[in-house]
Amino acid sequence: MTIVITGATGQLGRLVVESLLSRNVPAGQIVAGGRDLAKIADLAERGVQVRRLDYDDAGSLRQAFAGAEKVLLVSGNEVGQRLSQHRNAIEAAKEAGVSLIAYTSVANADSTAMQLAAEHQATENALRDSGVPFALLRNGWYLENYTDQVSVQLQHGAVLGSAGDGRVSAAARADYAEAAAAVLVSEGQEGKVYELGGDVPFTLSELAGEVSAAAGRPVTYQDLPAEQYTQVLVDAGLPEAYAAILADSDLGIARGDLLVTSGDLSRLIRRPVTPMRDAVQAAVRNQLGV
């Protein structure tokens, strides 16, 4: 059995490869695909097959998927280009005759109105139309979306957002990767839809409280109008279009669009999902060097 992991040069894809190896999947049965193979040269040294893979290059997709039984289609990171890229990958997987495509979608994709979800929704429809057996891994928010900003939060004494009192079921990237690996090594996954998220949802006020407690200094949540939050993100260096999408996602949190109550993630990884408090404490310790 050969399993292809697309986007293996990125953070999630790399973690999925590592999780498969930890599950004793033979390295030679894993294909790690990406555009910059230098980033995964060490995987090749460990026996993993490394193949160039570019969602915009149909030829590279066909070569990467040759002989594959299963493919993990990690959603692309070029917002606005992803649907055409994903269609290229789906077509190449169909030509290769794969038995399963597992796609990393977004939580509550069938009901959310978030702008960020539009390409995921369209990709899910493309999978249904393709005739290729598939499973949907509807990933919620990453804890890293918040913990990677700890230095800024501590500098300004604030967590900023537009989520109001909405609760978000965020989980660690490594937890989502473990879930993907669990699906890839299991049989009977065709047609499965997994709503994946943390066990205990939290508000951004609660997040700020945990940052404050871990650092021993005041950190509060400041809820901003979406337009103002967008400008904050633009001032921080994000492209305006992407900043607007992130602010819109916070409005989705306020509506409950990223609230997940299925318990699917903890069941797939067979342990509790990493708590927000633990992730925050680790990030603060790392930031403060303690």
Side-chain angles (χ1 to χ4, degrees), residues 12 73-87 90 101-130 134-146 149 159-171 173 175-176 179 191-207 221-234 236 238-265 273 276:
L12 179 65
L73 176 53
V74 176
S75 58
N77 59 10
E78 297 175 86
V79 176
Q81 305 297 318
R82 295 192 288 185
L83 178 57
S84 63
Q85 293 174 338
H86 296 165
R87 282 175 171 161
I90 293 167
I101 298 176
Y103 172 62
T104 61
S105 187
V106 67
N108 303 312
D110 55 349
S111 60
T112 179
M114 293 191 307
Q115 295 174 21
L116 188 65
E119 289 174 302
H120 291 297
Q121 293 164 337
T123 299
E124 290 192 7
N125 288 333
L127 283 166
R128 294 186 183 97
D129 293 341
S130 71
F134 66 90
L136 299 178
L137 307 176
R138 290 178 171 170
N139 290 348
W141 235 218
Y142 293 144
L143 282 173
E144 288 84 354
N145 292 347
Y146 303 118
Q149 305 303 316
V159 172
L160 304 180
S162 298
D165 294 325
R167 308 187 76 81
V168 57
S169 303
R173 187 177 282 111
D175 292 346
Y176 293 119
K192 294 291 184 67
V193 178
Y194 295 101
E195 296 288 352
L196 304 174
D199 294 332
V200 182
F202 56 87
T203 66
L204 296 194
S205 292
E206 291 168 343
L207 171 75
Y221 173 56
Q222 295 183 21
D223 193 60
L224 305 174
E227 296 79 6
Q228 185 177 347
Y229 184 42
T230 298
Q231 189 58 51
V232 168
L233 295 173
V234 170
L238 292 183
E240 185 171 359
Y242 187 55
I245 286 174
L246 291 182
D248 176 77
S249 297
D250 260 25
L251 296 180
I253 292 173
R255 294 190 301 266
D257 288 10
L258 289 174
L259 180 65
V260 176
T261 59
S262 66
D264 285 348
L265 183 52
V273 177
M276 178 267 284

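A side-chain donor-acceptor contact under 3.5 Å links Glu206 to the backbone of Thr203. With hydrogens and angles ignored, the 3.5 Å screen pairs no side-chain donor or acceptor of Asp199 with any backbone N or O of Gly263. In terms of modelled atom types and a separation under 3.5 Å, the side chain of Gln115 and the main chain of Ser249 share no donor-acceptor contact. Of the possible polar contacts, one joining the Gln121 side chain to the Ala109 backbone as a donor-acceptor pair under 3.5 Å is found. No donor-acceptor pair under 3.5 Å is formed between the side chain of Glu124 and the backbone N or O of Ser105.
Contact check on Arg138 versus Asp264 returns no salt bridge, with no Lys/Arg side-chain nitrogen under 4.0 Å from an Asp/Glu carboxylate oxygen.
Across all non-hydrogen atoms, the minimal contact from Ala117 to Val106 is CB-CG1, 3.8 Å. Across all their heavy atoms, Val273 and Gly198 have their closest contact at CG1-CA, 3.8 Å. The minimum heavy-atom distance between Ile90 and Ala126, with the atom names listed, is CD1-CB, 4.0 Å. For the pair Asp110 and Glu195, the tightest heavy-atom approach, listed with the atom from each and the gap, is OD1-OE2, 4.4 Å. The minimum heavy-atom distance between Ala107 and Val260, with the atom names listed, is CB-CG2, 3.8 Å. Contact between Tyr221 and Gly161 at its shortest, heavy atoms only, is OH-C, 3.2 Å.
Atoms CG and OH, from Leu116 and Tyr242 in turn, are 6.5 Å apart once rounded to the nearest 0.5 Å. For the atom pair Thr112 OG1 and Leu258 CG, the distance stands at 6.5 Å (nearest 0.5 Å). One finds the NE2 atom of His86 at 11.0 Å from the CD atom of Gln81 (value rounded to the nearest 0.5 Å). A distance of 11.5 Å separates CG in Leu224 from CD in Gln231, rounded to the nearest 0.5 Å. Once rounded to the nearest 0.5 Å, the distance linking CG of Asn77 with CD of Gln85 reads 8.0 Å. Here CG of Asp223 is found 10.0 Å from CD of Gln228. Values are rounded to the nearest 0.5 Å.
When the side chain to side chain contact (heavy atoms under 4.5 Å, CB included) test is applied to Thr230, the partners found at least two apart in sequence or on another chain are Val234, Ala243, Ala244, Ala247.
Using a 4.5 Å heavy-atom threshold, the side chains of Leu204 and Ile253 count as separate. Met114 is listed as a side-chain neighbour of Arg255, based on a closest heavy-atom distance under 4.5 Å. In this structure the side chain of Tyr142 reaches within 4.5 angstrom of the side chain of Leu12, judged on heavy atoms. The side-chain heavy atoms of Leu196 and Tyr176, taken from C-beta on, include a pair separated by under 4.5 Å. At a threshold of 4.5 Å between non-hydrogen side-chain atoms, the residues Leu127 and Leu136 count as touching. Taking 4.5 Å as the limit, every side-chain heavy atom of Tyr229 sits out of range of all side-chain heavy atoms of Leu251. In this structure, Thr123 and Leu83 have side chains that are in contact, with non-hydrogen atoms separated by less than 4.5 Å. A 4.5 Å side-chain heavy-atom check between Arg82 and His120 finds at least one atom pair inside the cut-off.
Residues Ser162 and Asp250 bring no donor and acceptor atom of their side chains to less than 3.5 Å of each other.
Ring pair Tyr103/Phe134: centre-to-centre distance not below 6.0 Å.
More than 12 heavy atoms of other residues, nucleotides or ligands shown are found within 6.0 angstrom of CG on Asn125.
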